[in-house]
Structures are given as C-alpha cells and as structure tokens.
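To start, the structure under review is shown below, and the notes come after it.
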Amino acid sequence: MIYDVIIIGAGPAGLAAGLYASRARLNTLIIEKEKAGGQIVSTDEVANYPGSVENATGPSLIARMEEQAKEFGTETILDTIKEVNLDEKIKVLKGEKGEYQAKTVIIATGANPRLIGCPGEKELTGRGVSYCATCDAAFFEDLEVYVIGGGDTAVEEGMYLTKFARKVTIVHRRDELRAAKSIQEKAFANDKMAFMWDSVVEEIKGDGIVESMVVKNVKTGELTEIVAHEDDGTFGIFPFIGFVPATDLFEGKINMENGYIVTDADMKTNIDGVFAAGDCRVKSLRQVVTATADGAIAAVQAEKYIDFLEGTEYGK
Ligand code: NAP
C-alpha cells in the first residue's frame, strides 16, 4: 500500500500532523520506534500548553493527542526505520519489521537527551542514572539526588525531584543558571535544593548501582569524589544538559544545520514531498505548542503537495 502521508515519530509534532492529515482524509501512517510521546512524556506538569487542563501531565496530554489522531483514522505502527529513500516520487522507508511507501513524508523524530559522555554513565543508566524524573523520581524517595545542568529542564525537574528526594543538588558548569529567572527564583527559595557551581561530572562509579561520582571544579581543576551516604548506599544522578536531534537517518540526504533539519516556514525541506516538524528542525523555540503547530502546517502542506502531484503528469 502507498500511503498519502507517513509520519516518522509520535511526539506532539507527529501526532498533530497525524490529526490534521487524517482529518483531511489522507491515508496516514505514523511510525514510532518505542511508544508515543517523545520528550514530553517525561514531564510531570504541562503548564504552558494553552488550554491544557489543570494538572495536565506529559503522558495525559500525549494520550489525548494519540486518541484524537486515531479517531480521524491515523494508523500507527511500532517499528524502527533504518534506511530511507526520499528522492523519488514514491518515498520508501525501510524498517526492522517491514518496508513502507508514501507520497509524502513528515519527519517528526524529535531530539534525545544529551549524554554527559563520562565513564560509567552508560553502564549505570537505569541503576542510579536517569534521564526522566517523572519516570524514576519515586526510586529516590528520601535519598540524595544530583541533577546535572543549569537550564529550564534541569531546574524544573530538580524541583520536581525534591518531592521525593531528601536533597537535590544542581551541578552546573558555570556560576549562574541558564534557566528562566522565574524558574530560578522558585529553585533558590526551595530549602531542599542546593547548588554546586563551576562543576562538571568526570566519572560515575558503582558496582551495579551508583555509589559515587567524581566532580571537577572547572576553575580550580580540583577533583571531588561524592560518595553515597553509608546508610543509603546509593544516590541518583539526573543529567539534563540539553538535547541532540534524532536525525542521523537523514545525514547527507537532507539539508541540515548542526544536525537539525532545515525547513522553510511551510515545513518544507529541500526535498519535494518531504517535510520536517518539531524539535528535529532548525527553529528558535522548542515547545509542545510550537511542535504541534509545525505538525499541523506540515500536514496541510503535504495535502497541497499531493493535490499538486495528482494534477500533473505524476498524478495516477
Ligand atoms: P538548555 O537550555 O540547552 O540547557 C542545557 C544546560 O546544560 C545548560 O545549562 C548548559 O550549560 C548545560 N550543559 C550543556 N552541555 C553540557 C555538558 N556537556 N556538560 C555539562 N553541562 C552542559 O536545555 P534544556 O534545559 O533542556 O531546555 C531546552 C529548551 O526547552 C530550552 O529552550 C528551554 O527554554 C525549553 N524548556 C522550557 C521549559 C518551560 O518553558 N517551562 C521547560 C523545559 C525546557 P550552559 O548554561 O553553561 O550552556
């Protein structure tokens, strides 16, 4: 079967694209590699998505978006796309489970957490190192937690973690936070929050579980080993140091800047019939509200492109 639109990624951008495309009666498939949601499912509180209900969480918002797209006929499948051929009139996507064909493709692959890249990080992920406070905070009930990073995510997630942890220390590489002032003010007023300035993580150690962490002061070069309290045996490490776009699949095939896909205001890439939406593209504000807007625009433009195709010699 040749779909009108295949959307890669089921975060807010992909789900909004699915909603708009299937509402326009285009045969629409969303391919997602794990589960719907993207980064927003790791967020406990979504306070800045206009119209979201009070106490909306990332998972509740995504569940409703998915339901809405499906109500209009969007199909979804779990598969990991390994190879793409986008240059022909019919685009071909090769996944682990099968091959998919479409007249248009909307890339909504988002971005993944940036890793610290220090020894021990990978080995101890899920064993004290976590990239999702909403998912894992409860494991750190009454323990100490270190949050790495100084942006909005680090500070907001750090504050969320204080609901569970005994103490949350923000480890930041500079001596001032990048987070918005309003977020900073709340953090500085929170008794359970502490700050370790000018510091980067050099190594995470532990035998099957985090037991200690080596931190370097970037101004003095001094190394400090933070060791788990004897009674606790472990502590939590939550790196929130930004994101990297999930665009490896399109390297050398689509115009990009620093790994982000370049589009125009209509979400068009440099390849006919291929659009990009959400955090994977070059843009100034990466939020749910801008991701969903991108998805809607991409779907409408995909519809226009198909109309154009079918009115020309390429039409069936
Ligand atoms: P971010 O703004 O890029 O901040 C990343 C933080 O990690 C910065 O403090 C940075 O330090 C630090 N960092 C980067 N690489 C590092 C490394 N290798 N080692 C140690 N530290 C490193 O990322 P974010 O906080 O995830 O936010 C991403 C976007 O989402 C932003 O536009 C943000 O405003 C938005 N956001 C908004 C909200 C909200 O509106 N409520 C909530 C979450 C996120 P430096 O400061 O020294 O560069």
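Treat the numbers as computed from the prediction; the structure is a model and nothing was measured.
The only option from Lys91, Arg25, Lys103 that meets the salt bridge (Lys or Arg N to Asp or Glu O under 4.0 Å) definition with Asp4 turns out to be Lys103. For the ring-ring contact (aromatic ring centres under 6.0 Å, His included) with Tyr146, the lone residue among Phe140, Phe235, Phe238 that qualifies is Phe235.
Using a 4.5 Å heavy-atom threshold, the side chains of Leu15 and Glu66 count as touching. Side-chain contact between Arg281 and Thr269 is absent, with no heavy-atom pair separated by less than 4.5 Å. Residues Glu157 and Val147 are not in side-chain contact: their nearest non-hydrogen atoms beyond the backbone lie 4.5 Å or more apart. Looking at heavy atoms from C-beta onward, Asn270 lies out of side-chain contact with Val262 at the 4.5 angstrom threshold. Inter-residue side-chain proximity for Asp294 and Lys283 is flagged as met; some heavy-atom pair is nearer than 4.5 Å.
Checked by atom type and distance alone, the side chain of Thr290 pairs as donor or acceptor with a backbone atom of Leu285 at under 3.5 Å. Using a distance-only test at 3.5 Å, with no hydrogens or angles considered, no donor-acceptor pair links the side chain of Asp279 to the main chain of Arg286. Glu32 contributes a side-chain N or O that, together with a main-chain N or O of Ala10, makes up a donor-acceptor pair within less than 3.5 Å. For Arg127 (side chain) and Ile209 (main-chain N/O), no donor-acceptor pair under 3.5 Å exists by modelled atom type.
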Name each donor-acceptor pair under 3.5 Å that joins a side chain in residues 243-253 to protein atoms two or more places apart or in another chain, with its distance.
| from | atom 1 | to | atom 2 | distance (Å) |
| --- | --- | --- | --- | --- |
| Thr247 | OG1 | Gly259 | O | 2.5 |
| Lys253 | NZ | Val84 | O | 2.8 |

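Asn217 contributes atom CG, which lies 6.5 Å from atom CD of Glu222 (distance to the nearest 0.5 angstrom). Ile148 contributes atom CD1, which lies 7.0 Å from atom CD1 of Ile204 (distance to the nearest 0.5 angstrom). To the nearest 0.5 angstrom, Ile170 atom CD1 is 4.0 Å from Met193 atom CE. Interatomic distance, Glu96 CD to Lys33 NZ, rounded to the nearest 0.5 Å: 10.0 Å.
Between Trp197 and Phe195, the two ring planes are parallel [angle under 30°; tilted spans 30° to 60°].
In terms of hydrophobic clustering, with Ile, Leu, Val, Met, Phe, Trp and Tyr side chains grouped at heavy-atom distances under 4.5 Å, Ile8 and Ile254 are assigned to a common cluster.
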